[in-house]
Amino acid sequence: MKKTESRPKDLLGLEYLTKAQIEEILNQAKPMKQLFTRSVKKVPALRGKTVALVFFEPSTRTRISFELAAKRLSADTISIAASTSSVQKGESLIDTVKNLEAMNVDYLILRHSSSGAANLISGEVKAHVVNAGDGAHEHPTQGLLDAFTIFDKKGRFDGLKVVILGDIAHSRVARSNMWALTKLGAHVVVCAPPTLIPPGLPDIFEGKVTVSNKVDEALEGADVINVLRLQLERQKENLMPSIREYTELYGLNLSRLALAKRDCIVLHPGPMNRGVEITSEVADSHQSVILNQVTNGIAVRMSVLYWLAGNPSLSHSSHVEELSRMETGQ
Ligand code: CP
């Protein structure tokens, strides 16, 4: 197995990864996912390592998913939240993570409300830093698991029309999706009211992202729709007349979904606000892959943790079988 030379220490955003690096992580997530079908869902790849989950914003999926990913690689995990940490007593983020590193933590998985928080600590510690969502900047593992789910269902990225529908301006998920999917060859259409779309996207993404304020036009012929919630906690002013009006004009319902291709899949990173950005009929339909995203997230995060440690690339299930046999002594 060939060791890849130029891996970054940290995963701060998909903007900073090449197409080949993204593909390497996605390919390696496939054998990781095969582990989930076994009675022993664990390999010893990160035995002896410690993963710190530093979550200064609420999370259901990402925190549990990283914890399970670390445990399935046999790492130890510790968890710290702002509400129960010395941040409450005025300690800085940098001092907090330096203290964790002094306790020999190998990975710092950080969720923070400030854009750039993961970049800030990256240069301050030797531990691998993984951005688990920083303000409206990036959520790289969400972008990777969305890409993994799309490839799992569609078998390609080239030529796909992916519509990201919702609050683009305040969404780190939208940014990570745009970086990953445009590098991988898809065409992305972002759709929202003008007040919820940041300026300059077509230029930033070199024409691979199109902006639309007309939902019916945007959804026409879509292969994938990724629905985002309104990030009301990040909006500092009234950017739309009312939530009811947003639902009427931009919410994804069955009649709007019918404008897309018949085999269009629907993603949502969660948490969902049913009846606001998406109806229950769509969220629970056979076209919805929302719970597949959650399952795939564990495999993708295992792949990220394993990859950052500089381990040899795994792209075949036999490699994971080898790791499993080491664990069980077969
Ligand atoms: N998708 C996502 O980040 O969900 P959580 O906020 O529950 O982690």
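Along the sequence shown, residues carry numbers from 1. Start at 1 and go down the list; that is how both ligands and their atoms are numbered.
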Rounded to the nearest 0.5 Å, what separates atom CD1 in Ile278 from atom CD1 in Ile225? 8.5 Å
For ligand 1, which atoms, with element, lie under 4.0 Å from some heavy atom of Thr62? 2 (C), 3 (O), 4 (O), 5 (P), 8 (O)
Of the protein's non-hydrogen atoms, which lies at the shortest distance from atom 4 (O) of ligand 1, and what is that distance? Arg61 NE, 3.1 Å
With heavy atoms of Gly270 as the reference, note each atom of ligand 1 found under 4.0 Å away. 1 (N), 2 (C), 4 (O)
Just need the protein heavy atom nearest to atom 7 (O) of ligand 1, so name the residue and atom and give the distance. Thr60 N, 2.8 Å
Atom 1 (N) of ligand 1 has as its nearest protein heavy atom Pro269 O, 2.8 Å
Worked check of side-chain hydrogen bond (donor to acceptor under 3.5 Å, both in side chains) between Asn177 and Asn226: CA-CA 9 Å; Asn177 264 258; Asn226 196 351; 3.2 Å; yes
Any chance you could measure Arg72, atom CZ, to Met32, atom CE, to the nearest 0.5 Å? 12.0 Å
So, applying side chain to side chain contact (heavy atoms under 4.5 Å, CB included) with Val189, which one of Val163, Val209, Val162 is it? Val163
Nearest heavy-atom neighbours spanning Glu245 and Ser242: N-OG, 3.0 Å
Top protein contact for atom 6 (O) of ligand 1, by heavy-atom distance: Arg111 NH1, 2.8 Å
